[in-house]
Amino acid sequence: MAKNITARSVDYSKWYTDIVLQSKMADYSPVKGSMVIRPNGYAIWEMIQQNLDKMFKDTGHVNAYFPLLIPESFMKKEAEHVEGFAPECAVVTHGGGQPLEEHLYIRPTSETIIWSMYKKWIMSYRDLPILINQWANVMRWEMRTRLFLRTSEFLWQEGHTAHATAEEAEEETVKMLGVYKQFAEEYMAIPVIPGKKTDSEKFAGAKHTYCIEAMMQDRKALQAGTSHNLGQNFAKAFDVQFQDKDGSRSFVYATSWGVSTRLIGALIMTHSDDDGLVIPPKLAQRPVVIVPIWKSDEEKEQVMAYTNAIYDELKADYSIILDDRDQYKPGFKFAEWELQGIPIRIEIGPKDVEKNNVVLVRRDNKQKQFISREGILDKVKSELTQMQADMLDKAREYREEYSYKIDDYDELKKIIANDGGFIYSHWCGDAACEQKVKDETKATIRCIPFERENEKGKCIVCGNESDGRVIFAKAY
RNA sequence: CGGGGUGUAGCGCAGCCUGGUUAGCGCACCUGCCUUGGGAGCAGGGGGUCGGAGGUUCGAAUCCUCUCACCCCGACCA
């Protein structure tokens, strides 16, 4: 059992913080609400970037970079947008020792600066679509912060596209949510439910917002990605019009979509256990660690000769850690690499040299296997593949176990107050009913799932007609 | 901004009430020996403007005043 990590059953929040700090993924910075992402955490972000970026490029997007500082007047151009973001913005008031003529906002998101530029770049339908993404930092002045899940400054990617038609913009919005769903499940092994946000939960300035929602091990929901159809709101605010084939002029249709370093928090809370982090193989920059074991110098020589040959064989395909440090005992090393979530550990001692095999241990289920030296590369490959699949299955099973179809409001209250989970209930579409549930239970409507039964019912709050079930849950 | 709490070595803490040797302890760190298949042991060692400022006193980590910072709980949110 891990030292220094609070068990999930004792204090889930403490467990989460312990994992982040002790696996050396992040640390608190001197400024309240901001954090340092350490190499172990940044490695995961790099893997997220690499794989997502490829998916963006494969769907026709290109990267660019827009500046950090946004003129105050830009922020104020879209009414809903400024209302939504103004309270949580950091503002630069001085530069070069002088008060500024116009205050500059540190971007909480980049719609305004980007659309001010799109105005310059878009003249005709031939200039469309524009499919730009940027990897950047943003800042939102949060009251209460938590490592990775909610920090004032965070890293993300934001896609901003411009289209000639409403249909095309909607298609893009849905497509990118699909990319996020695929990425979450295939790479992060996090099962997600795609759906639409209710009006009260949508992005400030959007026509509507789509999202993917995941369940954490405390049964709370975490929004893992969002995709917004912005309609013509920003085009109108920034007067971005184009001339169509037939000579008519109209406003451009927009989308924006993003995922952030919050995904790392989701990764931790979906897969990790009381011994530490568990990284899905496809996101592990270093998926294998080898721990050689010896007593005498003579043994060391033999074990290391054997180990080095295996290391050379594996390193052609994988980035491998060879932990031959002399000052720590094997047990210590096992615990340390488990804490850091390395997917596969290979133990090699004198007995293995003698029998021509190695011991292989998977991080997710901790099972030890004695495998033969021959074919070790294939075995590593197949175990990593299997582990990736098993992690997704396990997370999906957990989510299903705590998902309920409920038609009685008292029962909803009871479940939320006890174990928690995803509650599928009918809702009439009235914001007042949504608010009532929030006030009384702290649960909110996480999304209106894309895939839902065509089932008429009665709103769980007011009893009016409903076209289908939505998901209620407490959320991060 | 309300309520609660904490500032003493890298981390976690004791000492403060009742002022008085050189400010301690555990972990971590360094050196050596010894160990190595699930977080070893022994010996030696380095490391502190006691959050900051002012005051009381022969003497302040300790008492008084002011101040700063951070954490937890609530109101805002990806």
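Note that the coordinates shown come from a computational prediction; the quantities given were computed from them, not determined experimentally. Protein chains get the first letters and strands the later ones, always in sequence-line order, with residue 1 at the start of each.
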Q: Pick the P atom in C68(B) and in A9(B), then give their distance to the nearest Å.
A: 23 Å
Q: May I ask you to check whether Glu170(A) and Tyr210(A) show a side-chain donor-acceptor distance below 3.5 Å?
A: yes
Q: Using atom C1' in both nucleotides, what's the gap between G46(B) and C27(B) to the nearest angstrom?
A: 16 Å
Q: Check if the side chain of Lys333(A) and the base of G37(B) share a donor-acceptor pair of N or O atoms closer than 3.5 Å.
A: no
Q: Specify the separation, in whole Å, of atom NZ of Lys220(A) and atom C1' of C77(B).
A: 13 Å
Q: Only stems of 3 or more consecutive Watson-Crick or G-U pairs count here, both distances under 3.5 Å; name the ones for RNA chain B, or none.
A: B:1-7 with B:68-74, B:10-13 with B:24-27, B:29-33 with B:41-45, B:51-55 with B:63-67
Q: What's the closest nucleotide to the Trp294(A) side chain, out of A78(B), U36(B), G37(B)?
A: U36(B)
Q: Could you tell me whether Glu142(A) contacts a base, only the sugar-phosphate backbone, or nothing, with contacts defined as non-hydrogen atoms closer than 4.0 Å?
A: base
Q: Ignoring backbone atoms, establish whether Lys329(A) has a side-chain N or O less than 4.0 Å from OP1 or OP2 of G37(B).
A: yes
Q: Tyr328(A) has an atom OH; how far is it from atom P of A28(B), in whole Å?
A: 9 Å
Q: Tell me whether Thr255(A) contacts the main-chain N or O of Asn229(A) through its side chain, where contact means a donor paired with an acceptor under 3.5 Å.
A: no
Q: Is Arg446(A) positioned over the aromatic face of Phe422(A), cation under 6.0 angstrom from the ring centre and no more than 45 degrees off axis?
A: no
Q: Under the 3.5 angstrom rule, does the side chain of Asp352(A) hit a backbone N or O of Gly349(A) as a donor-acceptor pair?
A: yes
Q: For Lys368(A), which contact category applies under a 4.0 Å heavy-atom criterion: base, sugar-phosphate, or nothing?
A: base
Q: Rounded to the nearest Å, what distance is computed from the CG atom of residue Leu149(A) to the C1' atom of nucleotide A78(B)?
A: 10 Å
Q: Roughly how many Å apart are C13(B) and G20(B), using the C1' atom of each and rounding to a whole number?
A: 24 Å
Q: Can you tell me how far P of G37(B) sits from NZ of Lys355(A), to the nearest Å?
A: 16 Å
Q: Can you tell me how far P of U36(B) sits from CG of Asp326(A), to the nearest Å?
A: 12 Å
Q: Out of U36(B), A78(B), G38(B), which has the shortest distance to the side chain of Glu347(A)?
A: G38(B)
Q: Can you figure out which of A40(B), U36(B), A78(B) approaches the side chain of Phe332(A) most closely?
A: A40(B)
Q: Identify which nucleotide among A78(B), G38(B), U36(B) has an atom closest to any side-chain atom of Arg345(A), counting heavy atoms from C-beta outward.
A: G38(B)
Q: In whole Å, I'd like the distance from the NZ atom of Lys300(A) to the C1' atom of U36(B).
A: 11 Å
Q: If you find the nucleotide of RNA chain B closest to Tyr476(A) and the one closest to Lys366(A), which residue's nucleotide is nearer the 5' end?
A: Lys366(A)
Q: Just how far, in rounded Å, is P of U36(B) from NZ of Lys351(A)?
A: 12 Å
Q: Looking across every strand, which nucleic acid part, if any, lies under 4.0 Å from Glu338(A) by heavy atom: base, sugar-phosphate, or nothing?
A: base
Q: Can you check the Trp156(A) CH2 to C77(B) C1' distance for me, whole Å?
A: 13 Å
Q: For Glu299(A), check side chain to side chain donor-acceptor pair (under 3.5 Å) against everything at least two apart and list the hits.
A: none
Q: By nearest nucleotide on RNA chain B, pick out whichever of Gly349(A) and Phe203(A) is the more 5' one.
A: Gly349(A)
Q: For Asn40(A) versus Ser23(A), what's the shortest heavy-atom pair and its separation?
A: ND2-O, 2.9 Å
Q: Would the distance check show the side chain of Tyr16(A) and the main-chain N or O of Leu147(A) forming a donor-acceptor pair, the cut-off being under 3.5 Å?
A: yes
Q: What interatomic distance, in whole Å, is found between P of C30(B) and the corresponding atom of C66(B)?
A: 46 Å
Q: Does Val291(A) reach a base, just sugar-phosphate, or nothing at all? Heavy atoms under 4.0 Å.
A: nothing
Q: Checking all strands, does Thr226(A) fall into the base, sugar-phosphate, or nothing category for heavy-atom contacts under 4.0 angstrom?
A: nothing
Q: P atom, G26(B) versus G44(B): distance in rounded Å?
A: 12 Å
Q: Could you tell me the separation between the CZ atom of Arg362(A) and the CD1 atom of Ile344(A), rounded to the nearest 0.5 Å?
A: 7.5 Å
Q: Measuring only the P atom in each nucleotide, how far is U22(B) from A61(B)? A whole number of Å is fine.
A: 12 Å
Q: Can you check the distance between U35(B) and G10(B), where both ends of the measurement are the P atom (answer in whole Å)?
A: 34 Å
Q: For Phe56(A), does its backbone N or O pair with a side-chain atom of Thr59(A) as donor and acceptor, under 3.5 Å?
A: yes
Q: What integer number of Å spans the C1' atoms of G51(B) and U6(B)?
A: 11 Å
Q: Which part of the nucleic acid, if any, lies within reach of Thr151(A) when heavy atoms closer than 4.0 Å are counted: base, sugar-phosphate only, or nothing?
A: base
Q: Between the base of G39(B) and the side chain of Glu336(A), is there a donor and acceptor pair under 3.5 angstrom?
A: no
Q: Is the NZ or CZ atom of Lys333(A) both under 6.0 Å from the centre of the six-membered ring of Tyr328(A) and within 45° of that ring's axis?
A: no
